[in-house]
Amino acid sequence: TLNIYNNRMSSIPNNLPPNLTFLGLRGNQITNLNDAIFHQRIIIIVLDNNQISSLNGIHFPNNLQILHIDKNHISSLDDVHFPSTLLHLNIDKNYISSLRGITFPQNLEILGLCFNQISSLQDVHLPQYLIELNLGSNQIQNLNGIIFPQSIELLYLGSNQIHDLN
């Protein structure tokens with residue numbers, strides 16, 4: 001475990017211990033992950049409250065299970081490749097406006113996307129084993145075209161602009 005919360009880190013250190021399984025960099029000044037080298041044993045990454053604007057081209061560890069990247073400046077998930085092992089993905093409080101064409105890992109169980117700028121769920125393909133989905137405080141107006149997986153136990157859509165559930 002390596003916790004470097006609330007410091008002035010501007011990038012992810014390249015000299016991380018090879019046996020590291022938890023990397024916590026919440027509350028730093030990281031702006032991009034382009035040069036990040038993640039060891040394959042890391043299963044949890046916490047990057048909340050930084051200034052990251054893009055996840056494009058990032059090579060996440062193959063064994064990653066939990067990724068928290070709340071409170072950043074991410075506007076798009078286009079061309080992001082999440083590992084198939086990912087179970088919990090939190091991207092709350094960013095600037096994401098669309099999920100169209102995004103491929104989420106099929107084993108993903110928890111997806112947090114509240115406080116973004118998502119206006120439509122049309123052509124969104126949710127993972128078949130998703131248990132919890134938080135889309136609260138977005139700009140969603142209707143649920144047309146979305147098929148929620150049968151596995152959903154918690155669906156949060158509060159503080160949107162939904163006027164019809166058909």
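In this structure, the side chains of Ile162 and Leu157 come closer than 4.5 Å at one or more pairs of heavy atoms. Inter-residue side-chain proximity for Leu121 and Ile140 is flagged as met; some heavy-atom pair is nearer than 4.5 Å. Side-chain atoms of Leu77 and Leu99, non-hydrogen and from C-beta on, do get closer than 4.5 Å to each other. Residues Tyr129 and Leu108 have side chains not in contact (no heavy-atom distance under 4.5 Å, counting atoms from C-beta outward).
The CD atom of Gln106 sits 11.0 Å away from atom CZ of Phe104, with the distance rounded to the nearest 0.5 Å.
Counting non-hydrogen atoms of neighbouring residues, nucleotides and ligands closer than 6.0 angstrom, the CD1 atom of Ile147 reaches no more than 12 such neighbours. The environment of CD in Gln161 is crowded: more than 12 heavy-atom neighbours from other residues, nucleotides or ligands sit within 6.0 Å. Within a 6.0 Å sphere centred on NE2 of His59, other residues, nucleotides and ligands contribute 12 heavy atoms or fewer.
The two atoms that bring Pro83 and Pro105 nearest to each other are O-CG, 3.3 Å, heavy atoms only. Residues Ile4 and Pro13 approach most closely at CD1-CG, 4.5 Å, considering heavy atoms.
For the side chain to side chain contact (heavy atoms under 4.5 Å, CB included) with Glu109, the qualifying choice from Leu89, Ile131, Leu86 is Ile131, the only one to do so.
The aromatic ring centroids of His88 and His68 lie less than 6.0 Å from each other.
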Could you give me the CA-CA distance, side-chain angles and deciding distance for Arg100 and Asp123, then say whether salt bridge (Lys or Arg N to Asp or Glu O under 4.0 Å) is met? CA-CA 6 Å; Arg100 185 179 299 229; Asp123 299 324; 3.2 Å; yes
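Side-chain N/O atoms of Arg41 and Asn19 include a donor and acceptor closer than 3.5 Å.
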